[in-house]
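Just so you know, these numbers come straight off a predicted model, no measurement behind them.
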Amino acid sequence: MNRLLIKRTFVTSQALKAKKGSGDTKTAPKKRNKYSDTVLLPQTQFRVQLNGKERIEKDEHLAKTCGFPELYQWQKNNLSGPDFVLHDGPPYANGVPHMGHAINKILKDVTLRHKILNGNRVHYVPGWDCHGLPVELKAIDNDKSLRDPLEIRKRARKCAKEAIAKQKQAFQSWGVTADWSETGCYFTNQPLYMKNQLNQFIKLYEKGIIFRDFMPVYWSPSSRTALAESELEYNQLHKSKAMTVRLRVNNIPERLSSYKDRSIYGLIWTTTPWSLVANQAVAFSTNATYCLAEDSKSDLYIVAKELLKNLESKIGPLEPIEYFEGSELKDSTYFHPFTKEKCPFLAARHVTTDVGTGLVHIAPAHGPEDFLVALENKMRILIVVDADGRYTEAAGPRFHGLQVQTEGVTKVIETVNLDMLHIETITHSYPYDWRTKKPVILLASNQWFIDINSIREKVIDSITDVKIYPKCNRAASKNALLAGVQTRPYWCISRQRSWGTPIPVLYSKTTGKVFTNKEIVDRLCDSIDKFGPDCWWEYSAEELIGTDLIKRLNVPVDDIEKGKDIMDIWFDSGISWSFATPNGEANLYLEGNDQFSGWFQSSLITSVALQERPPYNALFVHGFAVDENNMKMSKSLGNVINPDELLLGGSNLEKNPVYGVDILRWWVANHGSQHTKVPVSKDLLEGCKQYIHKIRLILRFLLGVAHSHRQDTNSSVQYRIIDKYMLYLLYRYNKQMQQHYNEYEYHHAGKAIMNFTTNDVSALYCTLIKDRLYCDEALSPTRVAAVQVVKEILIVLLRRIAPIIPHLAEEAWSHYTENQAMPLHCTQYEIPSSWNDPTIVEYVDAALTLRNNILRTTDKNTWKMHGVIEATNKDFRSLSLLYDEEQPSLSELCEILQLSSVTLTESDTITETRIQVHEIQKSACERCRRYPETRADGLCSRCASVLAKDKPMTAIM
């Protein structure tokens with residue numbers, strides 16, 4: 001038999017045909033307040049909005065009353081772990097708190113709070129980098145000629161202490177959890193820290209990894225100290241004078257003997273004319289072919305064959321008349337451009353024929369390659385530049401006292417005179433002192449170094465297992481970390497300043513011999529305990545170390561002097577893992593992307609050298625703050641935004657309103673963990689404000705629903721399918737959020753929070769259950785179920801937003817009647833695995849698809865509608881489960897579709913379920929405003945039943 005259509009039909013009692021226009025067309029006046037007292041409206045004192053002074057006072061109140069100061073110690077005492085160690089990279093103890101501080105500290109706090117809520121016991125010791133040039137320069141800002149180390153240290157200590165107090169107060173105001181007491185933090189200038197540092201130094205020295213040597217290092221004349229690579233910044237627009245200079249050759253190669261009666265010159269090209277004063281040789285390549293070329297004046301020049309054409313563009317036509325190999329220049333000599341002393345031509349591996357002339361001027365005191373050439377040829381190193389970057393007396397009377405990079409260049413050009421064949425100005429990348437913003441030079445001096453070569457392979461191998469976040473930048477970040485280690489031969493760790501930890505060495509005045517060992521360091525540590533951290537500068541070596549120990553060094557007591565160098569601050573902070581972390585290892589280091597050449601690297605090198613493993617298991621790298629035009633914030637540009645202004649508002653509140661802590665933290669979490677340049681602008685902050693407002697709105701509704709209209713702990717619970725569906729969504733959301741937090745993808749966490757709260761919670765579940773919540777009997781099993789689900793939503797939402805916006809989470813939690821009078825962060829909560837029921841999705845999705853179809857086709861109140869559904873076999877099975885044949889108008893299908901009545905039919909012939917809706921031509925229930933069958937008193941049967949049981953109650957909003 002051919003069945004064209006088979007139907008099974010459920011018809012609600014209100015699906016009876018109603019004729020259009022039937023009945024009385026006159027409308028009686030609405031009795032608006034007759035049943036208002038009987039509707040169970042949400043009740044809460046939680047406010048949607050707090051502005052201005054109220055916002056400031058609320059943030060301060062929450063921090064004090066919700067356990068913010070006590071949280072760190074509480075979790076230490078009450079959580080069982082496992083432990084999570086986040087090691088704090090110490091900010092400099094100078095300057096006011098800025099947006100970079102906010103990004104860093106808030107991202108750390110988001111991490112810590114997530115771990116605490118998950119039951120981890122966290123270890124986090126805030127630190128400050130108190131020593132070094134940044135603080136010292138600020139301390140002597142008004143007295144740059146000050147040289148007394150004790151006075152400098154006194155002023156620097158005061159500067160550091162004042163800066164720490166300001167920064168600490170700011171970090172606390174941002175909600176950062178820690179033990180902020182003096183004993184709960186670490187400071188690189190505190191005696192305990194200095195003693196640990198001295199002990200790590202001597203361990204490295206005894207391993208042979210730290211050594212002292214004389215070699216060129218980056219030297220900052222403006223700071224009067226050596227600098228490490230990490231303390232440089234490269235100015236891409238630096239301009240240098242580049243000169244092509246001729247040097248008169250004395251002994252010429254045998255090949256050129258026929259020209260011995262003519263003047264022959266070697267041509268050199270240099271971008272540092274001032275270093276010609278320190279010239280000691282000219283280098284050539286044994287692999288290059290050179291030629292003797294004649295100019296229009298019949299002068300003869302030695303130049304690399306490959307660079308002849310390039311030179312012609314600068315000095316005019318050159319006619320090659322003889323070719324020879326570079327090796328033939330061996331034993332040739334030339335006259336120094338200023339002293340006219342005879343200097344050698346020397347073979348060197350670093351000479352190329354890419355640029356210049358193929359002959360390279362060698363000043364061993366001012367270049368690493370030049371220095372190696374001098375060592376190979378056993379040359380004495382000529383030093384003609386002092387710590388201020390001025391020529392010494394050894395440079396000769398014409399140059400003595402001149403600043404080499406300015407006056408010196410001018411004087412050299414003037415003195416070279418006719419031997420300068422060409423001069424040009426080139427723009428190129430050049431290293432600058434990162435603090436004074438002035439150019440540095442290379443200068444040979446006695447310094448202390450860590451030998452990277454001896455541990456390079458171990459360091460590189462150790463990086464393999466380090467995880468780097470965010471994942472999207474993992475490859476580039478790992479390459480940046482590797483690059484700093486792969487190309488760095490030495491790390492200069494000595495500085496010629498006063499504000500720092502002394503390098504614990506003694507010297508013989510007569511021989512220059514170095515003395516240091518574990519016993520000397522132990523005696524010095526005892527002296528620090530006895531005399532304080534300034535003792536190295538205040539007391540004699542005999543008083544600090546003891547006469548007996550000095551005598552055992554086999555050197556007269558009066559021949560001993562203390563070293564004058566301090567340790568590089570990157571060494572100070574680089575060994576912080578050995579002081580502030582349990583067992584010298586952290587789960588995570590979290591800092592800005594500039595730390596690949598800084599703290600990430602110094603920590604890695606010292607840790608591998610001392611304990612043969614990295615000090616961190618993972619790195620989380622964030623960007624730096626920029627303005628709306630992607631410009632780095634700086635005082636000179638006037639684009640600096642002070643975090644305090646965001647919290648407290650500016651002098652003009654219309655221009656700079658009070659945003660509060662939540663908005664600052666939301667901005668950090670949603671932008672600081674994904675961009676290398678973290679934009680901050682009025683538009684972005686206003687956007688963050690709107691997001692927080694939306695979250696507050698849904699929290700207010702949830703808190704209002706969670707209010708107990710009636711107390712009955714024995715009331716039964718009957719979950720509907722939509723309730724179970726919501727619990728499944730909640731389970732999935734929680735799992736997704738855990739993943740985002742665990743992967744440090746806080747921007748994804750922010751998106752997930754907004755998507756879930758606005759769509760799944762607000763637009764879907766809360767919308768669908770409002771009728772049940774407002775109009776069912778207070779203790780009806782299905783209403784109790786909805787309230788219970790709302791409570792679960794509330795708890796999960798608060799726990800998942802709490803790491804990012806803890807003030808808002810704790811504020812909402814304080815309005816939750818079941819919070820047990822303890823802060824949210826101090827509660828434990830576990831989601832039942834029974835919520836994870838994906839099979840329920842199929843049942844609900846069929847109904848939600850119909851709901852979306854209804855919303856697309858009508859803009860009217862859907863409760864005024866009756867729906868006729870023609871379902872496929874598959875959808876019919878799902879939709880049937882949502883249908884209550886005995887009480888069809890109160891069935892779950894009506895609740896999900898937000899229709900007052902439904903007709904459900906099944907069809908074998910259709911491929912897609914469809915629905916048609918029609919407006920119901922009957923009066924609405926005067927209480928619930930739905931359109932089931934109403935009685936003579938204007939109520940539907942459900943509302944009549946509720947009123948018969950419930951006494952009137954008043955909603956207090």
Exercise. Please examine the side chains of Tyr733 and Asp760, heavy atoms only from C-beta on, and report whether any two atoms are closer than 4.5 Å.
Key: no
Quiz item: Does some side-chain heavy atom of Arg783 sit less than 4.5 Å from a side-chain heavy atom of Leu779?
Solution: no
Exercise. Mark yes when over 12 heavy atoms from residues, nucleotides or ligands other than Lys467 sit less than 6.0 Å from its NZ; otherwise mark no.
Key: no
Practice problem: Look only at the side chain of Asn120 and the backbone of Phe84, and say whether a donor-acceptor pair between them is shorter than 3.5 Å. | Solution: no
Quiz item: For the atom pair SG (Cys894) and CG (Leu899), what is the distance rounded to the nearest 0.5 Å?
Solution: 6.5 Å
Quiz item: Of the options Tyr829, Trp835, Tyr731, which is the one that meets Glu792 in a side-chain hydrogen bond (donor to acceptor under 3.5 Å, both in side chains)?
Solution: Tyr829
Quiz item: Just checking, any donor-acceptor pair under 3.5 angstrom between side chains of Tyr746 and Gln674?
Solution: no
Quiz item: Is there a side chain to side chain donor-acceptor pair (under 3.5 Å) between Thr903 and His866 once you walk through the steps?
Solution: CA-CA 8 Å; Thr903 299; His866 163 71; 3.1 Å; yes
Practice problem: Report the distance from atom CG of Leu882 to atom CD1 of Ile721, rounding to the nearest 0.5 Å. | Solution: 4.5 Å
Quiz prompt | Whether over 12 other heavy atoms sit under 6.0 Å from Lys874 NZ | solution = no
Self-check item: Approximate separation, where rounding is to 0.5 Å, of Phe876 CZ and Ile910 CD1
Solution: 11.0 Å
Quiz item: Taking atom CD1 of Ile103 and atom CG of Leu664, what is their separation to the nearest 0.5 Å?
Solution: 9.5 Å
Quiz item: Which distance, rounded to the nearest 0.5 Å, do you find between the SG of Cys826 and the CH2 of Trp813?
Solution: 11.0 Å
Quiz item: Is the closest side-chain donor-acceptor distance between Gln738 and Asn118 under 3.5 Å?
Solution: yes
Quiz item: Between Tyr469 and Tyr744, what is the ring plane arrangement, given parallel below 30°, perpendicular above 60°, and tilted in between?
Solution: perpendicular
Quiz item: Is there a donor-acceptor pair under 3.5 Å between the side chain of Thr858 and the backbone N or O of Leu855?
Solution: no
Quiz item: Do side-chain atoms of Ser945 reach the backbone of Ser941 as a donor and acceptor pair under 3.5 angstrom?
Solution: no
Practice problem: Mind listing the closest non-hydrogen atom pair of Leu729 and Phe756 along with its distance? | Solution: O-CE1, 3.8 Å
Quiz item: Charged N to carboxylate O below 4.0 Å: is that the case for Asp837 and Lys724?
Solution: no
Self-check item: Side chain proximity check, Cys775 to Val946, heavy atoms < 4.5 angstrom
Solution: no
Practice problem: Can you spot which of Glu892, Glu777, Glu895 makes a salt bridge (Lys or Arg N to Asp or Glu O under 4.0 Å) with Arg772? | Solution: Glu895
Self-check item: Under 3.5 Å: donor-acceptor pair, side chain of Ser673, backbone of Glu745
Solution: no
Exercise. Check the pair Thr758, Ile698 against side chain to side chain contact (heavy atoms under 4.5 Å, CB included), reporting the backbone distance first and the verdict last.
Key: CA-CA 8 Å; Thr758 57; Ile698 188 61; over 6 Å; no
Quiz item: Would you call Tyr691 and Ile805 a side-chain contact if the rule is heavy atoms closer than 4.5 Å?
Solution: no
Quiz item: Taking atom OH of Tyr816 and atom CG of Leu703, what is their separation to the nearest 0.5 Å?
Solution: 9.0 Å
Self-check item: Any donor-acceptor pair under 3.5 Å from Thr905 side chain to Ile869 backbone
Solution: yes
Quiz item: What heavy-atom pair brings Asn734 and Arg800 nearest, and what distance separates the two atoms?
Solution: OD1-NH1, 2.6 Å
Self-check item: Listed once per pair and sorted, the salt bridge (Lys or Arg N to Asp or Glu O under 4.0 Å) pairs that draw on residues 803-817, sequence neighbours left out
Solution: Arg55-Glu811, Arg696-Glu811
Quiz item: Which is it for Arg799 and Thr827 under the side chain to side chain contact (heavy atoms under 4.5 Å, CB included) test, yes or no, and what are the steps along the way?
Solution: CA-CA 10 Å; Arg799 295 181 72 83; Thr827 61; 2.9 Å; yes
Practice problem: Check whether more than 12 heavy atoms from other residues, nucleotides or ligands sit under 6.0 Å from atom CD of Glu912, and answer yes or no. | Solution: no
Practice problem: Run through Arg927, Arg929, Arg930 and flag the one making a salt bridge (Lys or Arg N to Asp or Glu O under 4.0 Å) with Asp771. | Solution: Arg930
Quiz item: Should we count CD of Glu686 as having more than 12 external heavy atoms under 6.0 Å?
Solution: yes
Self-check item: Any donor-acceptor N/O pair, Asn861 side chain to Trp863 backbone, under 3.5 Å
Solution: yes
Practice problem: Run the numbers on His918 and Met865 for side chain to side chain contact (heavy atoms under 4.5 Å, CB included), then give the verdict. | Solution: CA-CA 5 Å; His918 308 286; Met865 302 289 181; 6.0 Å; no
Quiz item: Which heavy-atom pair separates Ala871 from Leu879 by the least distance, and what is that distance?
Solution: CB-CD1, 4.1 Å
Practice problem: Can you label the angle between the His815 ring and the Phe46 ring as parallel, tilted or perpendicular, going by 30° and 60°? | Solution: perpendicular
Exercise. Specify the closest pair of heavy atoms between Cys766 and Leu702, including all atoms of both residues, with the distance to one decimal.
Key: SG-CD2, 3.9 Å
Quiz item: So, for Val902 and Tyr883, which heavy atoms are closest and what is the spacing to 0.1 Å?
Solution: O-OH, 3.6 Å
Self-check item: Residue pair Arg474 / Ile468: nearest heavy atoms and the distance that separates them
Solution: NE-O, 2.6 Å
Exercise. Decide if atom NZ of Lys694 counts as having more than 12 heavy atoms of other residues, nucleotides or ligands within a radius under 6.0 Å.
Key: no
Quiz item: Quick one: does Trp667's side chain have a donor or acceptor within less than 3.5 Å of a partner on Gly672's backbone?
Solution: no
Self-check item: Criterion side chain to side chain contact (heavy atoms under 4.5 Å, CB included) on Arg851 and Thr862, from CA distance to verdict
Solution: CA-CA 10 Å; Arg851 170 68 177 157; Thr862 58; 3.5 Å; yes
Quiz item: Is it true that a side-chain atom of Thr913 and a backbone atom of Thr872 form a donor plus acceptor pair closer than 3.5 Å?
Solution: yes
Quiz item: Ignoring hydrogens and geometry, is there a side-chain-to-backbone donor-acceptor pair from Thr757 to Met754 under 3.5 Å?
Solution: yes
Quiz prompt | Polar contact flag, side-chain donor to acceptor under 3.5 angstrom, His114-Asn742 | solution = yes
Quiz item: Are any of the side-chain heavy atoms of Val668 and Val110 separated by less than 4.5 Å?
Solution: no
Exercise. For Arg113 and Ala802, indicate whether the former's side chain and the latter's backbone hold a donor-acceptor pair under 3.5 Å.
Key: no
